[in-house]
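Right, one structure below, let's go through it.
Note that the structure is predicted; figures quoted are calculated from it, not measured. Atoms within each ligand, like the ligands themselves, are counted from 1 in listed order.
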Amino acid sequence: MKTVIIRYTTMNRVNHWITAICFVLMVLSGLSMFHPMMFWLSGLFGGGQWTRAVHPWIGCVLLLSYLGLIVQFWRENLWHRDDTQWVKSIREVADNDEEDAPPVGRNNAGQKLVFWSMALLIPVLFLTGLVIWEVYFGEATSIPVQRAAALIHSIAAVLAIIVWIVHVYAAIWVRDSVRAMTQGYVTPGWAWRHHRKWLWELASGQHGKNIIRKRP
Ligand code: HEM
């Protein structure tokens with residue numbers, strides 16, 4: 001029997017992976033429409049016309065799914081003074097020397113920045129996407145407005161892809177984080193190393209008792 005800490009519920013994980021799958025599909029279909037060099041990617045969706053038809057609908061699912069993550073995670077991503085300190089010690093963290101950085105709560109400042117950047121970028125992508133969704137809203141706005149929307153849409157997409165690459169890199173780089181999002185649990189050692197303040201809060205019973213379970 002080993003003691004583990006529940007980090008993500010089944011609901012958290014299903015919601016996260018729906019978001020991740022939608023995001024990857026949006027990137028692939030979006031890039032295929034962004035530049036002729038990447039048009040070959042449209043083959044994954046059944047050709048150019050299917051790609052153009054399906055991209056906005058997946059975007060709607062992505063927005064709803066990310067709203068689900070916002071509802072579940074906004075509170076633990078609120079910014080605190082410690083987070084600014086943590087950002088200032090980013091060099092130590094990057095050198096695997098977390099002992100010199102302030103103890104981290106449930107999420108570190110990097111995770112919070114990813115969370116809030118996506119909370120801004122996904123709605124911007126959605127709203128500008130609606131403006132350029134020709135089949136339903138083509139008549140609703142003028143051509144100059146649609147041009148501006150297409151530009152903002154592309155810039156927001158590039159920024160979201162950069163944020164996503166940082167997110168996936170960090171998830172793989174901090175060993176055993178991926179297991180937290182696939183199987184839901186982390187070890188007390190992992191929490192001690194990466195989220196010590198969270199472990200103290202758990203140990204003092206602030207988050208309910210059943211968060212710590214025995215596992216065969
Ligand atoms: C497709 C590849 C992705 C992988 C491999 C991945 C992996 C992970 C992992 C391992 C965690 C847990 C981190 C921890 O507990 O320390 C996590 C959390 C999270 N991920 Fe992802 N993710 C992916 C895509 C996305 C996308 C596309 C979004 C948003 C658009 C996203 C948003 C989040 C959020 C909101 C959390 C919860 C932690 C927080 O509040 O910041 N993920 N992800």
Side-chain angles (χ1 to χ4, degrees), residues 4-31 41 44 55 58-80 82-83 86-87 90 93-94 96 98 101 103-127 129 153 156-199 201-202 207 211-212:
V4 297
I5 301 170
I6 304 302
R7 184 156 168 87
Y8 295 110
T9 62
T10 307
M11 171 79 129
N12 294 157
R13 286 177 280 145
V14 170
N15 197 160
H16 173 268
W17 291 116
I18 291 175
T19 308
I21 291 167
C22 287
F23 189 90
V24 171
L25 293 175
M26 290 305 278
V27 171
L28 293 172
S29 53
L31 286 179
L41 286 170
L44 295 170
H55 178 86
I58 304 173
C60 295
V61 181
L62 174 65
L63 179 80
L64 290 177
S65 177
Y66 200 75
L67 286 178
L69 290 185
I70 292 179
V71 168
Q72 293 172 82
F73 293 136
W74 69 271
R75 197 180 289 273
E76 60 214 37
N77 282 301
L78 292 176
W79 196 263
H80 301 297
D82 288 2
D83 293 315
W86 189 88
V87 171
I90 194 70
V93 177
N96 262 334
E98 282 174 78
V104 174
R106 193 188 149 114
N107 281 350
N108 64 39
Q111 290 170 302
K112 293 183 181 184
L113 287 171
V114 167
F115 178 84
W116 292 114
S117 313
M118 287 299 194
L120 175 74
L121 291 169
I122 290 176
V124 167
L125 283 163
F126 178 74
L127 293 174
H153 195 75
V158 170
L159 293 176
I161 291 171
I162 294 171
V163 171
W164 173 67
I165 291 172
V166 171
H167 175 62
V168 174
Y169 181 81
I172 296 169
W173 185 61
V174 179
R175 207 195 309 167
D176 289 343
S177 291
V178 174
R179 189 177 57 195
M181 209 25 115
T182 51
Q183 298 180 49
Y185 70 89
V186 292
T187 61
W190 184 94
W192 173 259
R193 176 150 187 209
H194 304 296
H195 297 271
R196 195 164 299 174
K197 213 162 101 190
W198 181 55
L199 183 64
E201 289 163 12
L202 291 174
H207 298 277
I211 200 124
I212 299 185

Q) Roughly how far, to the nearest 0.5 Å, is CD1 of Ile122 from CD1 of Ile70? A)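 Nearest 0.5 Å value for the CD1-CD1 distance: 7.5 Å.
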(Q) What's the separation between atom NE2 in His194 and atom CG in Asp176, rounded to the nearest 0.5 Å? (A)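 Result: 8.0 Å between the selected atoms.
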Please report whether ligand 1 has a polar contact with [X], defined as an N or O pair separated by less than 3.5 Å (distance criterion only).
X	answer
Asn107	yes
Tyr8	yes
Arg7	yes
Gln111	yes

Q) Which residue and non-hydrogen atom of the protein lie closest to atom 3 (C) of ligand 1, and at what distance in Å? A)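 Checked against all protein heavy atoms, atom 3 (C) of ligand 1 sits closest to Val168 CG2, 3.7 Å.
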Q | Closest protein heavy atom (residue, atom, distance) for atom 5 (C) of ligand 1 | A |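 Answer, as residue, atom name and distance: Trp17 CH2, 3.7 Å.
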**Q.** Whether Tyr66 and Phe115 hold their rings parallel, tilted or perpendicular, with breakpoints at 30° and 60°
**A.**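 Tyr66 vs Phe115 ring planes: tilted.
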Q. Which word best sums up how the rings of Tyr169 and Trp173 line up, parallel for under 30°, tilted for 30 to 60°, or perpendicular for over 60°?
A.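 Ring orientation of Tyr169 relative to Trp173: parallel.
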Q: Could you pull out the atom name of the N/O/S atom in His167 that is nearest atom 21 (Fe) of ligand 1?
A: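 Atom 21 (Fe) of ligand 1 is closest to the His167 atom NE2, counting only N, O or S.
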(Q) Looking only at N, O or S atoms, which one in His16 sits nearest to atom 21 (Fe) of ligand 1? (A)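 For His16, the N/O/S atom sitting closest to atom 21 (Fe) of ligand 1 is NE2.
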Mind checking whether [X] contacts ligand 1 via backbone (N, CA, C, O), side chain (CB onward), both or neither, at a 4.0 Å heavy-atom cut-off?
X	value
Ile122	side chain
Met181	side chain
Trp74	neither
Asn77	side chain

Q.
Any heavy atom of Val174 closer to ligand 1 than 4.0 angstrom?
A.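 So Val174 does not count as touching ligand 1.
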Q | Heavy atom of Val178, distance to ligand 1 below 4.0 Å | A |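 Val178 counts as a contact of ligand 1 under the 4.0 Å cut-off.
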Q) Quick one: is the NZ or CZ of Arg106 closer than 6.0 Å to the six-membered ring centre of Tyr8, and within 45° of its axis? A)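 Flagged: Arg106 positioned over aromatic ring of Tyr8.
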